[in-house]
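Below is one structure; the comments refer to it alone.
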Amino acid sequence: MATLKAELENRVKQFDHWAKRRRYGAEGPNNRRLWVLACMDERLPVDEALGIRVDTPVGGGDAHCFRNAGGIVTDDAIRSAMLTCNFFGTQEIVIVQHTQCGMLSADAAELEAALRQSGVDPDTLTLDPTLPELSLAKGAFAKWIGMMDDVDQTCMKTVEAFKNHPLIPKNVTVSGWIWEVETRRLRPPTQDPDKRARTDATADAFGVKAKQPPRWG
């Protein structure tokens, strides 16, 4: 029978490796060798949705987690995924988007127009003051915002974008999932209306009639 002393010594040893794991590169991966891309929405509980420990308790260690508006492909999402997959031992990417998403709730062209009315010229912006080389072509700002017409379609296209990106190794497993805010249920993305009948998964539900710029075309 193991003594408590032995258990405590092992716990201290394990914690020391957990705390210093970034020193070991690919030999010190997170618990599940997993990178999660999720929407920043406060109603999307990553731990509950995926059944893992990322956000709670703080520093659970199961995955690297990246959140942005919509949980979509952006240059910084690609940057983070590239690092974790190529240098930190990650072997799987999971993308989690959700119903009732704010990225369904407005017309991107109207958002751009509102910025222009406030005195901001999106055609002359420096997106990142520390990297002035990063820029948008004139007229691309509304597309860059990344509003959605359909969260399921966007999720499927996001999966394909990561699968096909040259910075993501081909042996990395990539999957996408939809968290239903209304039912607290996780499901695969689908175009079957019966399987998402109780949810708001399209911009139509928010009264947005115009099609968004063709970022996902």
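This one's a predicted model, so the numbers in the text were calculated from it and none came from an experiment. For the single chain, residues carry numbers from 1 onward in sequence order. All values below come from the heavy atoms of this structure, side chains included, with hydrogens, waters and symmetry mates left out.
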So do the side chains of Asp107 and Lys209 get within less than 4.5 Å of each other, counting heavy atoms only? no
Query raised in the report: Is there a donor-acceptor pair under 3.5 Å between the side chain of Thr126 and the backbone N or O of Pro129?
Result: no
inquiry  = Before you tell me yes or no, could you show the steps for Asp149 and Lys211 under side chain to side chain contact (heavy atoms under 4.5 Å, CB included), namely the whole-Å CA-CA distance, both residues' side-chain angles and the distance that decides it to 0.1 Å?
reply    = CA-CA 7 Å; Asp149 294 308; Lys211 287 291 184 183; 3.8 Å; yes
So, Gln100 versus Asp200: side-chain donor-acceptor pair below 3.5 Å or not?
yes
**Asked** Short question: side chain of Asn30, backbone of Leu34 - any donor-acceptor pair under 3.5 Å?
**Response** yes
Review point. Would you call Met147 and Arg215 a side-chain contact if the rule is heavy atoms closer than 4.5 Å?
Key: no
query: Does any non-hydrogen side-chain atom of Asp152 lie less than 4.5 Å from one of Thr154?
result: no
Quick one, Ser80 with Trp35, criterion side chain to side chain contact (heavy atoms under 4.5 Å, CB included). Give me CA distance, side-chain angles, the key distance, then yes/no. CA-CA 9 Å; Ser80 296; Trp35 184 77; 4.1 Å; yes
* To do: Before accepting this row, confirm whether a basic side-chain N of the pair Glu48/Arg184 lies closer than 4.0 Å to the acidic partner's carboxylate O.
  => yes
Exercise for the section: Compare all side-chain heavy atoms of Ile168 with those of His165 and state whether any distance is below 4.5 angstrom. Expected result: yes
With Thr158 as partner, the option from Ile93, Val174, Val73 fulfilling side-chain contact (heavy atoms from CB on, under 4.5 Å) is Val73
Note to self: Given 3.5 Å as the limit, does a donor-acceptor pair link the side chain of Thr99 with the main chain of Val181, or not?
What the structure shows: yes
- Item | Atom CD of Glu27 with >12 non-hydrogen neighbours under 6.0 angstrom | no
Is Trp144 reachable from Val208 through a run of I, L, V, M, F, W or Y residues, each pair having side-chain heavy atoms under 4.5 Å apart? yes
One should read off an interatomic distance between His98 NE2 and Cys39 SG, to the nearest 0.5 angstrom, of 3.5 Å
Ignoring hydrogens and angles, tell me if any N or O in the side chain of Gln212 forms a donor-acceptor pair with the backbone of Ala108 under 3.5 Å.
yes
* Test Thr130 against Asp128 for side chain to side chain donor-acceptor pair (under 3.5 Å), laying out the working first. => CA-CA 5 Å; Thr130 70; Asp128 182 344; 2.7 Å; yes
**Message:** Please determine whether a side-chain nitrogen of the Lys or Arg among Asp123 and Arg116 lies less than 4.0 Å from a carboxylate oxygen of the Asp or Glu.
**Reply:** yes
Quick one, Arg32 and Thr90 - any side-chain contact, counting heavy atoms below 4.5 Å? no
Gln191 and Gln153 have their tightest heavy-atom pair at OE1-NE2, 3.0 Å
| said: Can a donor-acceptor pair be found, under 3.5 Å and without considering hydrogens, that links the side chain of Arg67 to the backbone of Ala38? | reply: no
Exercise. Any donor-acceptor pair under 3.5 Å linking the side chain of Asp47 with the backbone of Val54?
Worked result: yes
What one should report as the nearest heavy-atom pair of Ala203 and Met148 is CB-O, 3.7 Å
Review point. Can Arg185 and Glu180 be counted as an ion pair, charged N to O under 4.0 angstrom?
Key: yes
Review point. Step by step, would you call Arg187 with Trp179 a side chain to side chain contact (heavy atoms under 4.5 Å, CB included)?
Key: CA-CA 7 Å; Arg187 60 167 174 78; Trp179 174 254; over 6 Å; no
Donor-acceptor pair, Asn10 side chain versus Gln14 backbone, under 3.5 Å?
no
| Step-by-step side chain to side chain contact (heavy atoms under 4.5 Å, CB included) determination, Glu92 to Arg33 | CA-CA 6 Å; Glu92 182 177 6; Arg33 295 182 178 268; over 6 Å; no
- Under 3.5 Å, side chain of Thr199 to main-chain N/O of Arg196, donor-acceptor pair present? yes
Does Lys5 form a salt bridge (charged side-chain N to carboxylate O under 4.0 Å, His left out) with Glu9? I'd like the steps, not just the answer.
CA-CA 6 Å; Lys5 175 179 178 289; Glu9 287 174 343; 2.7 Å; yes
Of Asp62, Ile95, Leu50, the one forming a side-chain contact (heavy atoms from CB on, under 4.5 Å) with Val36 is Leu50
Under 3.5 Å donor-acceptor, Asn86 side chain and Leu167 backbone: yes
| said: Are Leu136 and Ile72 connected into the same hydrophobic cluster when the rule is that any two of I, L, V, M, F, W, Y join if their side-chain heavy atoms are below 4.5 Å apart? | reply: yes
Exercise for review: With the side chain counted from C-beta on, respond yes when Cys65 and Val46 share a heavy-atom pair under 4.5 Å apart, and no when they do not.
Suggested key: yes
Self-check item: Charged N-O contact under 4.0 Å between Asp121 and Lys138
Solution: no
*Is the shortest heavy-atom distance from the side chain of Pro188 to the side chain of Trp177 under 4.5 Å?*
yes
key: Side chain proximity check, Val172 to Phe162, heavy atoms < 4.5 angstrom   = no
* Do Lys13 and Asp16 sit within salt-bridge range, that is, some charged N less than 4.0 Å from a carboxylate O? -> no
